[in-house]
Amino acid sequence: MQTKILLDEDEMPRRWYNIQADLSAPLDPPLNPKTGAPATPGDLASIFPMELIRQEMARERFIDIPEEVIEILRLWRPSPLYRARRLEQFLGTPARIYYKYEGGSPAGSHKPNTAVPQAYYNRDEGIERIATETGAGQWGSAIAFATSHFDMDCTVYMVRASYDQKPYRKMMMQVWGAECHSSPTTLTACGRSVLEKDPQTSGSLGIAISEAVEDAATHSNTNYALGSVLNHVCLHQTIIGLEAREQLASVDEYPDVVVACVGGGSNFGGIAFPFAGDKLTGKVPDVDIVGVEPAACPTLTKGLYAYDYGDEAGLTPILKMFTLGHDFVPPAIHAGGLRYHGDSPLVSRLVRDGTARAVSVYQNDVFEAAQTFARTEGIIPAPEAAHAIRTTIDIALECRKTGEAKTILFNNTGHGHFDLAAYDAYYAGRLPDYDYPDALIRDALSRLPKVG
Ligand SMILES: *Cc1c(COP(=O)(O)O)cnc(C)c1O
């Protein structure tokens with residue numbers, strides 16, 4: 001009985017899957033935040049390379065992965081598919097549990113899958129530096145790794161609270177040659193104005209995004225890069241699901257259920273879109289696709305499907321997505337990567353149409369599942385990944401009751417080696433379990449941009 005199902009390097013997918021080809025109707029277009037009119041490629045050209053703008057709007061079903069990108073992805077891809085037999089035994093479930101492990105990348109998560117092609121296309125179009133933001137540091141370290149392979153400079157605006165409390169990812173960025181600043185900085189007009197009003201601010205992702213976008217827009221050799229949410233990011237992540245489908249086929253399996261956590265939606269899209277495509281085209285009509293979010297930031301389960309800004313300041317294009325309102329500030333739960341007010345427009349669309357569904361979970365239950373996983377399968381998961389583990393365990397326990405032998409596939413997006421303080425907090429006593437008050441959600445939703 002195999003534990004790891006592996007592909008050879010030359011079996012790695014050579015094309016990404018673009019689910020836009022298989023939607024029943026095209027996505028609603030992103031809107032220019034100043035005019036409210038559909039955003040044109042020209043609107044985006046000051047901060048993104050043309051090829052990524054093209055991919056953002058592309059309708060063809062497959063997009064070739066450049067050879068130079070494949071060469072770098074080979075450092076850790078194809079990633080292993082594990083059969084979680086010890087977890088199954090511990091749960092006493094007839095379900096068969098498989099997971100993709102993305103923690104073996106140099107940065108320790110799935111994020112390098114898109115950081116590498118993003119750096120490549122920017123360098124290909126003559127860009128010399130990437131400016132970006134990072135919250136807890138997962139994206140910042142992924143893009144620092146990627147730019148180092150293309151001899152590019154990299155400037156990361158890291159939310160001050162994380163910069164002070166979580167120094168290790170900042171150090172990783174430095175090892176890979178990136179400059180990491182505590183945001184807000186005095187380097188941008190936006191940062192200076194925040195600091196003038198509140199010198200002690202702990203910063204926010206919204207402020208850090210505004211700083212990075214301003215940096216990119218005001219330097220002609222510099223572009224901006226985003227680690228989630230956008231269509232091209234989800235596209236690059238589909239390599240996860242394409243590999244998983246091949247790996248499962250090699251042991252005569254196809255999942256009944258696909259589970260992934262949802263922050264901005266990129267790892268969910270990555271593992272789920274190839275299966276969602278099979279569902280949309282009628283090849284496999286009944287696969288159950290489940291996104292898992294924190295109850296403290298319940299974008300898909302309690303948000304509204306509407307046009308909203310991607311950032312707090314309202315600088316980014318307006319996207320049609322599930323949102324809790326752009327000035328919604330979720331409580332400080334330990335899964336920092338899942339604290340986003342909005343969601344990928346593609347993932348939102350699948351949930352709106354019923355192709356995928358969403359559930360929310362509490363963080364104590366998440367850490368309990370993480371501990372069970374670590375003690376059975378060995379890997380200590382990132383708190384974000386543990387959301388998918390929680391729901392996988394819940395489905396497997398349901399199978400124990402019903403006797404159904406479902407095949408469950410989930411995405412283990414990364415290891416938790418830099419999140420051990422969060423585990424420590426869990427062991428030190430019960431963590432707060434937040435149910436975000438409906439009244440506050442209604443309040444934040446009352447400030448959506450007026451469009452159409
Ligand atoms: C960033 C991150 C996530 C959430 O981001 P998505 O874009 O929703 O995938 C999940 N897991 C890990 C380990 C992350 O770093």
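Please read these numbers as outputs of a predicted model, since none were measured by experiment. Counting convention: from 1, in listed order, for ligands and their atoms alike.
Qualifying side chain to side chain donor-acceptor pair (under 3.5 Å) partners for Arg357, counting only residues two or more places apart in sequence or in other chains: Asp288.
When side chains are defined from C-beta on, Pro13 counts as touching Glu246, because their heavy atoms get closer than 4.5 Å.
Every pair passing side-chain hydrogen bond (donor to acceptor under 3.5 Å, both in side chains) that includes a residue from residues 166-180 is listed here, sequence neighbours excluded: Gln138-Arg169, Ser141-Arg169, Glu179-His181.
Stacking of Arg123 on the aromatic ring of Phe150 is not recorded, the 6.0 Å distance cut-off and the 45° axial limit not both being met.
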Are there any N/O pairs under 3.5 Å between ligand 1 and the protein, and if so, what are their distances?
| unit_1 | atom_1 | unit_2 | atom_2 | d |
| --- | --- | --- | --- | --- |
| ligand 1 | 7 (O) | Ser228 | OG | 2.4 |
| ligand 1 | 7 (O) | Ser266 | N | 3.0 |
| ligand 1 | 7 (O) | Ser266 | OG | 2.7 |
| ligand 1 | 8 (O) | Gly263 | N | 2.7 |
| ligand 1 | 8 (O) | Gly264 | N | 3.0 |
| ligand 1 | 8 (O) | Gly265 | N | 2.9 |
| ligand 1 | 9 (O) | His110 | NE2 | 3.1 |
| ligand 1 | 9 (O) | Ser266 | OG | 3.3 |
| ligand 1 | 9 (O) | Asn267 | N | 2.8 |
| ligand 1 | 9 (O) | Asn267 | ND2 | 2.8 |
| ligand 1 | 11 (N) | Thr413 | OG1 | 2.8 |
| ligand 1 | 15 (O) | Lys111 | NZ | 2.6 |

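Rounding to the nearest 0.5 Å gives a distance of 8.5 Å between OG of Ser79 and CD1 of Ile239.
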Using atom types as modelled, flag every donor-acceptor pair under 3.5 Å from a side chain in residues 330-338 to any protein atom, sequence neighbours excluded.
none

